[in-house]
Amino acid sequence: MMQPPHLDAIRQSYDAVAADYARSVKDPAELDPLSRAVLAAFAELVTSADLGPTADVGCGPGKVTAYLSGLGVSAFGADLSPRMVELARAAHPDLRFDVGSMSALASGDGELGGILAYYSTHHLPPESLPGAFAEFHRTLAPGGHLLLVTRVGEGGHQRLTYGYGGDPAPFDSYRLPADRIAGLLEQAGFVVTGRVVQAPDEGAKRPVASFLAHKPAASDPLQQG
């Protein structure tokens, strides 16, 4: 099936840099305390709710998927890049990894208890985000939880012509304001329950925002007004 051009470009670029990316990206256990705390909070939410498996969309080489699994989450990964999925399966043979797009998830309606989008949505053009967030909402069970982590900015678009390890590969990144991302999540039907904005790491230019949200159940008091 034909994919939108921006998704095909993401797939090709990450296929090209997959090995260098897998070597260079940090293991989640090496992240700063606040980043680890956000992942731990998400893990506690989805395991306590026990509504179904958790999809790590844009999972790359599977390091965060495996970290969630170590926290007791029934997690699987999905990524556009077949090469990334190949590396994830080799590194974590006990876990499930699928080739797939967050814009057209293979899961059925209400099938998932959690969705993690960890530094994966910033490659989507802003006009594509409502569709992706609608997919998150469709596939989450009522009461299911979402954690979205991304770099934020003032709406800028950056295009790089090289990737991890200096491999030639184009990458488009969009840095939206945190308020706009939260608004798009709410428009998709989510209740945003937490937002953490962290100052940029050394060498980085943009702050990081983490959004915890859930798909309300019919009896959710936050939906009653």
Side-chain angles (χ1 to χ4, degrees), residues 1-18 21 25 38 42 54-62 64-65 76-85 88 97-107 112 114-140 144-164 169-190 192 195 197 204-213 215:
M1 190 172 81
M2 293 289 292
Q3 292 189 98
H6 67 273
L7 295 182
D8 196 47
I10 294 168
R11 176 188 59 76
Q12 292 181 33
S13 294
Y14 273 104
D15 273 351
V17 304
Y21 181 91
V25 71
V38 171
F42 174 68
T54 290
D56 178 6
V57 296
C59 66
V64 183
T65 318
F76 69 95
D79 200 280
L80 269 176
S81 163
R83 179 59 179 149
M84 283 289 194
V85 169
F97 295 96
D98 301 327
V99 177
S101 167
M102 70 176 69
S103 298
L105 296 171
S107 301
L112 302 175
I115 293 177
L116 172 67
Y118 201 72
Y119 294 99
S120 55
T121 59
H122 66 279
H123 291 306
L124 296 179
E127 62 270 19
S128 297
L129 287 176
F133 292 171
E135 273 294 273
F136 296 171
H137 189 271
R138 177 187 70 81
T139 54
L140 271 178
H145 295 276
L146 167 70
L147 172 58
L148 188 153
V149 181
T150 189
R151 296 197 183 277
V152 292
E154 296 305 317
H157 170 214
Q158 181 181 28
R159 183 173 178 82
L160 300 177
T161 57
Y162 59 90
Y164 295 84
F171 286 92
D172 288 293
S173 294
Y174 303 86
R175 315 296 193 191
L176 300 184
D179 284 344
R180 183 173 176 190
I181 295 172
L184 290 173
L185 289 171
E186 290 167 350
Q187 288 172 25
F190 287 101
V192 178
R195 186 195 312 186
V197 179
K205 296 181 180 180
R206 303 295 183 192
V208 172
S210 301
F211 302 87
L212 281 166
K215 177 178 177 176

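FYI, side chains are in, hydrogens and waters are out, and symmetry mates aren't considered; it's all heavy atoms of this structure.
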[X] side chain to [Y] main-chain N or O, any donor-acceptor pair under 3.5 Å?
X	Y	answer
His123	Ser173	no
Asp79	Val85	no
Arg175	Pro207	no
Thr139	Leu112	no

Step-by-step side chain to side chain contact (heavy atoms under 4.5 Å, CB included) determination, Tyr21 to Ser81: CA-CA 12 Å; Tyr21 181 91; Ser81 163; over 6 Å; no

Is any side-chain heavy atom of Pro82 closer than 4.5 Å to one of Arg11?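 Yes. Closest side-chain heavy atoms under 4.5 Å.
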
Flag the pair Leu124 / Leu7 as yes when at least one side-chain heavy-atom distance between them is below 4.5 Å, and no otherwise. yes

Heavy-atom closest contact ([X] atom, [Y] atom, distance):
X	Y	result
His122	Thr150	CB-OG1, 3.6 Å
Thr65	Phe76	CG2-C, 3.6 Å
Val197	Ala209	CG2-CB, 4.2 Å
Gly62	Ala88	N-CB, 3.9 Å
Ile115	Val57	CG2-CG2, 4.1 Å
Pro126	Leu176	CG-CD2, 3.8 Å

Could you give the distance from [atom1] ([X]) to [atom2] ([Y]), rounded to the nearest 0.5 Å?
X	Y	atom1	atom2	value
Gln12	Leu80	CD	CG	11.0 Å
Ser107	Asp98	OG	CG	8.0 Å
Asp15	Ile10	CG	CD1	12.0 Å
Met84	Cys59	CE	SG	9.0 Å
Ser120	Asp56	OG	CG	7.5 Å

What residues, two or more places apart in sequence or in another chain, satisfy side chain to side chain donor-acceptor pair (under 3.5 Å) together with Arg180?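 Residues passing side chain to side chain donor-acceptor pair (under 3.5 Å) with Arg180: none at all.
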
Who pairs with Tyr174 by ring pair (Phe, Tyr, Trp, His ring centres under 6.0 Å), at least two apart in sequence or on another chain?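 So Tyr174 forms a ring pair (Phe, Tyr, Trp, His ring centres under 6.0 Å) with His157.
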
Partners meeting ring pair (Phe, Tyr, Trp, His ring centres under 6.0 Å) with His137 (sequence neighbours left out):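 Testing His137 for ring pair (Phe, Tyr, Trp, His ring centres under 6.0 Å), a comparison that skips the adjacent residues, returns Phe190.
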
The test is side chain to side chain contact (heavy atoms under 4.5 Å, CB included); show your working for Lys215 and Phe136 and say whether it passes. CA-CA 9 Å; Lys215 177 178 177 176; Phe136 296 171; over 6 Å; no

The residue among Phe211, Tyr118, Tyr119 that forms side chain to side chain contact (heavy atoms under 4.5 Å, CB included) with Leu148 is Phe211

Arg195 and side chain to side chain contact (heavy atoms under 4.5 Å, CB included): which single residue from Asp179, Leu212, Leu185 fits?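 Only match with Arg195 under side chain to side chain contact (heavy atoms under 4.5 Å, CB included): Asp179.
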
Does CD belonging to Glu154 count more than 12 external heavy atoms closer than 6.0 Å?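 12 or below, so no.
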
